[in-house]
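See below for the structure under consideration.
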Amino acid sequence: MAKKITSRDNDYSQWYLDIIKEAGLAEHSPVRGCMVIKPTGFALWENMRDVLDRMFKETGHQNAYFPLFIPKSFLSKEAQHVEGFAKECAVITHSRLINSEDGVDVDPSSKLEEELIVRPTSETIIWDTYRNWVQSHRDLPILINQWANVVRWEMRTRLFLRTMEFLWQEGHTAHATKEEAVQETEQMLEVYRTFAEEYMAMPVITGVKTESERFAGAVETYCIEALMQDGKALQAGTSHFLGQNFAKAFDVKFQDKDNTVKHVWATSWGVSTRLIGGLIMTHSDDDGLVLPPKIAPVQVAIVPIWKSDDDQQAVLDYAKGVQKELQSKGIRTKLDARDQYKPGWKFAQYEVEGVPLRIAVGPRDVQNNKAEIARRDTRSKEIVERDSLVGKVESLLDEIQNNLYDTAKERMATRTSTVSTYEEFKEILDSKGGFIYAHWDGTAETETKVKEETKATIRCIPLHSDNEPGKCMVTGKPSARKVLFARAY
RNA sequence: CGGGGCGUAGCGCAGCCCGGUAGCGCAUCUGCUUUGGGAGCAGAGGGUCGCAGGUUCAAAUCCUGUCGCCCCGACCA
């Protein structure tokens, strides 16, 4: 058996790339920093999207779509926002090509009067639009989400974790009061936390960002932070309270019940295909991808085994019966009856692809009215009675989902430390990495010093942790509470 | 954008130093035998050696440029 996947201990980055390649999730495109998301990878994204979309709608949001192109002038309206995104915008300057000796060239005569920006995020065009939608408090709140692609001209890219073009959803809401907007921000953070933990089986820490890590244009950025197997943190989702910054920049006002004119309060929130990278690095092992059942494109792969033609017919009929029954329970099932691959090859392949459960049925099983069922997460196998097979599958899928979460949760706990001195901090960072709780004096200077000296950043000020005051590990100045440090992706 | 590594068949690589008919393994195709953990034998197809210039009788090989990928830094979801 040819091992195609580099081990995590040997080279974690290469392992990550090998997983993506061997599981067929994505590949590099001819364009630098961009990727082709292959059917399996996209099916994963579709499942994530479907769950999130349902959760957004359950919390009262509607989908809409805003343009890919944003007038350049819009970007300059919110000062902080421009500063944050100016360095990574793709700019459209011309509208035509002309034939040339070497193929085609940009037609100089087609220069645009106002250049267009390919959206790095849609706040500006959305707030420009909302201005026309809001007059009265009766028009509020506006609760809109869009599924879209965005472009950020990154210097260094990694499949899923950071690509120049990526898929995401961005929610943009407008509210009459600050309290309502803050509540919305927190609600969506909670949606993300629930999604990450219950569907992705990815435990996260919720918190707020420090000023230096905050979204450009936000008053407060809430986030969910996950911990990867190599001890590095990954920002997995953000929810921003935008205050009235965009409302003021784009002049979005309403007449309130008290007959005065006010600016609206805003939020925005998003998760992206980066989550797929996080998913890979949370659960997968040296044998390939490992997927939580709730979002796995295929939950059960059925591998039929036969020797003679007679066997083949009987086995296939039996396997089809199993598949039909599983499908009737809403279980995503794939029956792999291809004859060009041997069962052993298929077993290995579905392990690489991370399919949570595999059922093997052969002549013996048909005869005895049984089937072999194997788990991807624990690699355990057992023979079960045909009559109890579907029930067993259902309970095993639940078990796998829970086991993946519990394992990840435990790993996070093991790799979370609390320190009181900077020496201890550096020592732990280098020895085991992970999340480190420590006191911080609240200044950007200290944060920068730690970042420069250790490459660790403050991932967040956790929402749920003890609020015991103490002394900053670096300066000894008073600190209201411990914050969460880590090296991050 | 700086430092390091790498681009040769779909994938993984050798050949390059020392220029002279482009190779190996896997995969693919055909046939037969196989099928409960990545099958065996026999035969076959597939490459403008990343791209563009240059040196040379002759370039995968030497020179210059350029593009892309990976790793490490500065930027980021």
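Letters go in sequence order (proteins before strands), and every chain restarts at 1.
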Distance check needed: [N] [atom2] versus [X] [atom1], whole Å only.
X: A/E452; N: B/G73; atom1: CD; atom2: P; value: 14 Å
X: A/K307; N: B/U33; atom1: NZ; atom2: P; value: 17 Å
X: A/H28; N: B/C67; atom1: NE2; atom2: C1'; value: 15 Å
X: A/E225; N: B/A77; atom1: CD; atom2: P; value: 11 Å
X: A/E453; N: B/G73; atom1: CD; atom2: C1'; value: 17 Å
X: A/R156; N: B/A77; atom1: CZ; atom2: P; value: 16 Å
X: A/Y489; N: B/C72; atom1: OH; atom2: C1'; value: 14 Å
X: A/W306; N: B/G36; atom1: CH2; atom2: P; value: 11 Å

For a quick check of understanding: with a heavy-atom distance under 4.0 Å over all strands, which category does [X] fall into, base, sugar-phosphate or nothing?
X: A/L234; value: nothing
X: A/T163; value: base
X: A/D11; value: nothing
X: A/S13; value: sugar-phosphate
X: A/D311; value: nothing
X: A/G277; value: nothing
X: A/Q340; value: nothing

Which nucleotide in the set [options] lies at the smallest distance from any side-chain heavy atom of [X]?
X: A/M155; options: B/G37, B/A77, B/A74; value: B/A74
X: A/F347; options: B/C70, B/G37, B/G38; value: B/G37
X: A/I305; options: B/G37, B/G36, B/A74; value: B/G36
X: A/P343; options: B/G38, B/U35, B/C71; value: B/U35

Hey, is the main chain of A/G270 close enough, under 3.5 Å, to the side chain of A/Y192 for a donor-acceptor pair?
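Side chain of A/Y192 to backbone of A/G270, a donor-acceptor pair under 3.5 Å: yes, one is there.
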
Under 3.5 Å, N/O pairs linking protein and nucleotides 9-11 of chain B:
from: B/C11; atom 1: O3'; to: A/K21; atom 2: NZ; distance (Å): 2.8

Partner lookup for [N], please. Criteria are Watson-Crick or G-U wobble with both distances under 3.5 angstrom; report none if nothing qualifies.
N: B/G37; result: none
N: B/A42; result: B/U30
N: B/G2; result: B/C72
N: B/G25; result: B/C11
N: B/U55; result: none
N: B/U61; result: none

When the [atom1] atoms of [M] and [N] are compared, how many Å lie between them, rounded to an integer?
N: B/U8; M: B/G68; atom1: C1'; result: 16 Å
N: B/G12; M: B/C70; atom1: P; result: 13 Å
N: B/C67; M: B/G45; atom1: P; result: 39 Å
N: B/G19; M: B/G38; atom1: P; result: 47 Å
N: B/A14; M: B/G47; atom1: C1'; result: 15 Å
N: B/U21; M: B/C16; atom1: P; result: 13 Å
N: B/G73; M: B/G36; atom1: P; result: 47 Å
N: B/C63; M: B/G5; atom1: P; result: 14 Å

For [X] and [N], is the shortest distance between a side-chain N/O and OP1 or OP2 below 4.0 Å?
X: A/Y341; N: B/U34; value: no
X: A/K455; N: B/G73; value: yes
X: A/K451; N: B/A74; value: no
X: A/R158; N: B/C71; value: yes
X: A/R32; N: B/G68; value: yes

Polar side chain donor-acceptor pair, [X] to [Y], under 3.5 angstrom:
X: A/D309; Y: A/Q313; result: no
X: A/E447; Y: A/T457; result: no
X: A/Q187; Y: A/Q183; result: no
X: A/E78; Y: A/T124; result: no

Salt-bridge contact A/E225-A/K209 (side-chain N to carboxylate O under 4.0 Å):
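Here A/E225 pairs with A/K209 in a salt bridge, since their nearest N and O are under 4.0 Å apart.
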
Pair A/K449 + A/E445, salt bridge at N-O below 4.0 Å:
no

Parallel, tilted or perpendicular: which fits the ring planes of A/Y12 and A/W15, with parallel below 30° and perpendicular above 60°?
tilted

Gap separating the OG atom of A/S239 from the CD atom of A/E220, nearest 0.5 angstrom
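Between atom OG of A/S239 and atom CD of A/E220 there are 10.5 Å.
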
Of A/G344 and A/E154, whose nearest nucleotide on RNA chain B comes first from the 5' end?
A/G344

Tell me which of A/E88 and A/T157 sits closer to the 5' end of RNA chain B, going by the nucleotide each one is nearest to.
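This one resolves to A/T157.
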
Under-3.5 Å donor-acceptor pair between A/E351 side chain and B/G37 base:
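Side chain to base: pair present.
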
Go through the structure and list residues passing salt bridge (charged side-chain N to carboxylate O under 4.0 Å, His left out) with A/K38, not counting sequence neighbours.
A/E27

Cation-pi check for A/Y422 against A/K426: NZ or CZ below 6.0 Å from the six-membered ring centre and within 45 degrees of the axis, yes or no?
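Here A/K426 passes the 6.0 Å and 45° test against A/Y422.
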
